[in-house]
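Counting convention: from 1, in listed order, for ligands and their atoms alike. FYI, side chains are in, hydrogens and waters are out, and symmetry mates aren't considered; it's all heavy atoms of this structure. What you see is a predicted model; the values in this text were computed from it and never measured.
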Amino acid sequence: MDTATTGDLEIPADIAATLVDPVAYADDRIHDSYRWLRANNPLGIARPEKFDPFWVVTKHAHIQAISRQNDLFHNADRPTTLTNQALEERVRKITGGPNLVRSLVQMDAPDHPKYRALTQGWFMPANLGKFEGRVREIARSTVRRMLDRGGACDFVEDVALGYPLHVIMEILGVPEADEPRMLKLTQELFGPQDPDTARVRDALSAEQVSVMLQAIIADFSAYFRKITEDRRQNPRDDLATVIANAKIGGDYMPEHDQTSYYMIVATAGHDTTSSSTAGAIWALARDPAEFAKVKANPELIPGLVDESIRWMTPVKHFMRSATADTELGGRKIAKGDWLMLCYASGNRDEEVFEEPDRFRSDRKPNRHVAFGYGAHLCLGQYLAKLEMRILFEELLPHLKSLSLDGEVKMTQAYFVNGPKKLPIRFEVN
Ligand code: HEM
């Protein structure tokens with residue numbers, strides 16, 4: 001990279017370009033950029049074309065420092081994920097604000113703690129334990145289908161994609177028959193991840209995109225309005241019942257907030273958990289010694305889970321904006337500045353992790369920031385870890401050997417990414 005001639009604060013244009021290039025996240029160039037930034041400019045400004053400038057935060061300590069100061073660094077004042085100027089303008093036309101929905105991630109105090117408290121207890125291990133039996137049943141039937149493939153499969157297609165979606169829909173209380181509709185809505189809303197879809201969308205006018213996004217949100221709202229009505233009349237032991245009946249200051253949530261709440265719960269847990277699950281199998285399939293180690297020591301499974309979440313770090317970033325002038329790492333950050341928290345870089349920070357690029361199931365401690373940090377720390381972290389642990393407990397004892405059976409392909413996306421194709425071969429005990 002031609003980086004020698006750059007000034008102190010500014011991130012070289014070629015590196016800034018990788019940060020906004022979905023392809024760089026698919027072919028691992030992003031990790032070259034992160035490595036360079038951590039060593040040479042750990043808190044610099046990127047000015048890629050078509051985006052407002054933003055600070056790029058690549059050190060573990062700075063990510064934590066910003067994430068814990070929730071009054072000084074807000075989630076909701078500017079787009080919460082990296083958004084180009086044209087898309088932000090479209091979103092502002094629809095909602096009047098920088099973000100399309102108003103879920104927990106797009107809230108700050110005083111609303112954020114109130115809304116988070118509504119379901120926080122539900123996501124804690126003590127409550128989730130009730131669902132462990134059902135999650136294990138889903139894991140067992142998923143594993144059975146994989147083993148029936150007869151020694152080879154695409155782990156993403158056959159296991160990692162469907163399993164977390166099925167678990168969250170079950171926990172939320174969405175009937176199995178509606179899962180394809182939910183998946184489609186999620187993909188249409190959040191992701192022109194696939195480059196072909198993105199091209200189609202880019203070819204549309206701002207008005208056409210606005211109409212499309214509004215239609216998707218209206219569809220989500222209509223779907224969950226029915227669920228809400230049902231759960232107010234017939235409460236059940238599911239998360240939809242908690243959301244439908246939750247009250248803020250004595251009243252039910254406004255409908256837009258409620259739809260957003262359903263939406264984040266329905267969507268935040270699939271691509272993320274499936275990418276981490278696939279990451280673990282990828283790491284074990286390419287390293288027979290690591291596979292043998294975990295097979296011989298099943299007590300390493302929780303470590304395998306944490307290490308794959310660190311190593312893959314499916315959520316590459318969230319954005320913050322400064323509410324006042326401040327200083328960090330010798331930099332003067334001005335009120336209103338936009339900051340990109342690069343979790344995937346923090347999780348390879350040489351000052352925190354020994355041999356950061358290596359996958360080690362026995363890594364201890366493993367203080368990764370893949371779930372974020374501070375007030376917005378992932379609400380679903382225990383659920384994600386429970387799902388993954390149970391799947392590996394059910395799968396690994398059946399496998400005598402595991403290896404790659406072709407090229408692994410990653411999704412092209414700068415927000416959430418992970419393997420989209422993971423061909424493996426396996427022998428069964
Ligand atoms: C928040 C990552 C699984 C629900 C977050 C944040 C990250 C993250 C980085 C922080 C957002 C911020 O700081 O602005 C992940 C990863 C997962 C995962 C890597 C899987 C390995 C799940 C699951 C659910 C979930 C299974 C639930 C169904 C949420 C919610 C928030 C959140 C509701 C917002 C919390 C708040 O703003 O207070 N997640 N997540 N996540 N996650 Fe996850």
Q) Hey, are the side chains of Tyr262 and Tyr223 touching, using non-hydrogen atoms and a 4.5 Å cut-off? A) no
Q: Return yes or no for this condition: an N or O of Asn75 is under 3.5 Å from an N or O of ligand 1.
A: yes
(Q) Judged on heavy-atom distance to atom 15 (C) of ligand 1, which of Tyr373, Phe371, Tyr115, Tyr261 sits nearest? (A) Phe371
(Q) Give me the nearest non-hydrogen protein atom to atom 3 (C) of ligand 1 as residue plus atom name, then the distance to 0.1 Å. (A) Thr272 OG1, 3.6 Å
**Q.** Thr80 contact mode with ligand 1 (heavy-atom cut-off under 4.0 Å)
**A.** neither
Q: Could you check atom 21 (C) of ligand 1 against the protein and tell me its nearest heavy-atom contact, residue, atom and distance included?
A: Ser276 OG, 3.3 Å
Q. In terms of residue, atom name and distance, what is the protein heavy atom nearest to atom 28 (C) of ligand 1?
A. Ile168 CD1, 3.3 Å
Q: Examine Lys316 relative to Tyr414 and say whether NZ or CZ is less than 6.0 Å from the centre of the six-membered ring and inside a 45° cone about the ring axis.
A: no
Q.
At less than 4.0 angstrom from any non-hydrogen atom of Val315, what atoms of ligand 1 do you find?
A. 2 (C), 9 (C)
Q.
Quick test of your reading of the structure: of Ala370, Ser308, Ala375, whose heavy atom lies closest to atom 9 (C) of ligand 1?
A. Ala370
Q) Taking NZ, NE, NH1 and NH2 as the nitrogens, is one of them in Arg320 or Asp77 under 4.0 Å from a carboxylate oxygen of the other? A) no
Q) Does one side chain, of Asp257 or Ser260, offer a donor that lies under 3.5 Å from an acceptor on the other? A) no
Q | Residue Val265 vicinity, atoms of ligand 1 by number, heavy atom under 4.0 Å | A | 28 (C)
Q: Ignoring hydrogens and angles, state whether a donor on the side chain of Glu179 or His166 is under 3.5 Å from an acceptor on the partner side chain.
A: yes
Q) For ligand 1, does His317 get within less than 4.0 Å through its side chain, its backbone, both, or neither, judged by non-hydrogen atoms? A) neither
Q. Looking only at heavy atoms of His112, does any of them come nearer than 4.0 Å to an atom of ligand 1?
A. yes
Q. Got the closest protein heavy atom to atom 24 (C) of ligand 1, with its distance?
A. Gly380 CA, 3.4 Å
Q) N/O to N/O below 3.5 Å, does that happen between His376 and ligand 1? A) yes
(Q) Starting from atom 13 (O) of ligand 1, what is the nearest protein heavy atom, named by residue and atom, and what distance separates them? (A) Arg320 NH2, 2.8 Å
Q | Arg389 with Glu132: basic N within carboxylate O range, under 4.0 Å | A | yes
Q) For His270, is the nearest heavy atom under 4.0 Å from an atom of ligand 1? A) no
Q: Decide yes or no for Asp349 and Val352: does some side-chain heavy atom of the first lie under 4.5 Å from some side-chain heavy atom of the second?
A: yes
Q) Is the NZ or CZ atom of Arg348 both under 6.0 Å from the centre of the six-membered ring of Phe353 and within 45° of that ring's axis? A) no
Q | Single hit among Leu383, Leu391, Ile390 for side chain to side chain contact (heavy atoms under 4.5 Å, CB included) with Glu387 | A | Leu383
Q. Going by distance only, is there an N or O of Thr273 that falls short of 3.5 Å from an N or O of ligand 1?
A. no
Q: Could you tell me the residue and atom name of the protein heavy atom closest to atom 4 (C) of ligand 1, and the distance to it rounded to 0.1 Å?
A: Ala268 CB, 3.6 Å
**Q.** For atom 43 (Fe) of ligand 1, the protein heavy atom that lies nearest, with its residue and separation
**A.** Cys378 SG, 2.3 Å
Q. Should you measure from each heavy atom of Val105, which atoms of ligand 1 turn up under 4.0 Å away?
A. 11 (C), 12 (C), 14 (O), 37 (O)
Q) Would you say the side chains of His376 and His112 form a donor-acceptor pair under 3.5 Å? A) yes
(Q) Is it the case that ligand 1 has an N or O less than 3.5 angstrom from some N or O of Glu387? (A) no
Q.
Using a 3.5 Å cut-off on N or O atoms only, is Arg116 in polar contact with ligand 1?
A. yes
Q) Any side-chain donor paired with an acceptor under 3.5 Å for Thr18 and Ser33? A) yes
(Q) Give me the nearest non-hydrogen protein atom to atom 26 (C) of ligand 1 as residue plus atom name, then the distance to 0.1 Å. (A) Gly269 CA, 3.4 Å
Q. Are Arg360 and Glu307 close enough for a salt bridge, meaning some N to O gap below 4.0 Å?
A. no
Q: State whether the side chain of Trp338 and the backbone N or O of Leu82 hold a donor-acceptor pair below 3.5 Å, judged by distance alone.
A: no
Q.
If you compare all heavy atoms of Ala76 against all heavy atoms of Gln106, which two are closest, and at what distance to 0.1 Å?
A. CB-O, 3.2 Å
Q | Interfacing atoms of ligand 1 (cut-off 4.0 Å, heavy-atom, Tyr343) | A | 9 (C), 12 (C), 13 (O)
